K.L.:
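Starting off with a structure, shown below.
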Amino acid sequence: MTPEQCKRVEELFDKLVEFPTRQRDEELACQCPDDNEVRQEVTRLLMCADLTVSHGDEPTLLRHLRAGGSFLAAGPLAASLIGSSIGPY
């Protein structure tokens with residue numbers, strides 16, 4: 001990714017993280033119609049932000065798990081984590 005693309009990713013993320021989740025994809029497509037690499041990176045960052053944003057004193061993922069949810073059903077990012085290692089484990 002070029003420095004210009006990295007700057008664009010940062011700008012788009014900062015803007016779109018404030019949007020309601022349902023509107024992000026459409027707005028991202030409008031804001032960045034010609035750079036698939038930038039769109040993919042912004043989408044990945046937004047999914048990570050959704051998993052870690054706190055509501056009250058608990059991150060969203062932890063709240064989901066305590067409510068009996070499955071980690072693998074926690075969101076679209078979860079599927080990309082299958083087979084991954086976390087830290088030395």
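Any value given below was found using the heavy atoms of this structure, including those in side chains, with hydrogens, waters and symmetry copies removed. On a predicted model such as this, the values are computed, not experimentally measured, just so you know.
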K.L.:
Could you state the interatomic distance from CD (Q40) to CG (L28), rounded to the nearest 0.5 Å?
P.N.:
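Q40 atom CD to L28 atom CG measures 10.5 Å (nearest 0.5 Å).
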
K.L.:
Working to the nearest 0.5 angstrom, can you tell me the gap between C6 SG and E37 CD?
P.N.:
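CD of E37 is found 8.5 Å from SG of C6.
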
K.L.:
For residues 7-17, please give each side-chain donor-acceptor pair under 3.5 Å, one per line with the distance, not counting sequence neighbours.
P.N.:
from, atom 1, to, atom 2, distance (Å)
K7, NZ, E11, OE2, 3.3
R8, NH2, Q31, O, 2.6

K.L.:
Let me confirm one number: the CG-CG distance from L46 to D25, rounded to the nearest 0.5 Å.
P.N.:
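Answer for the CG-CG pair, L46 versus D25, is 8.5 Å.
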
K.L.:
Go through it in stages, so that I can follow the logic: the residues are E27 and R24, the test is salt bridge (charged side-chain N to carboxylate O under 4.0 Å, His left out), and I'd like the CA-CA distance, side-chain angles, deciding distance and then a yes or no.
P.N.:
CA-CA 5 Å; E27 185 65 23; R24 290 176 181 168; over 6 Å; no

K.L.:
Tell me, with the steps shown, if Q5 and T2 meet side chain to side chain contact (heavy atoms under 4.5 Å, CB included).
P.N.:
CA-CA 5 Å; Q5 286 175 307; T2 68; 3.3 Å; yes

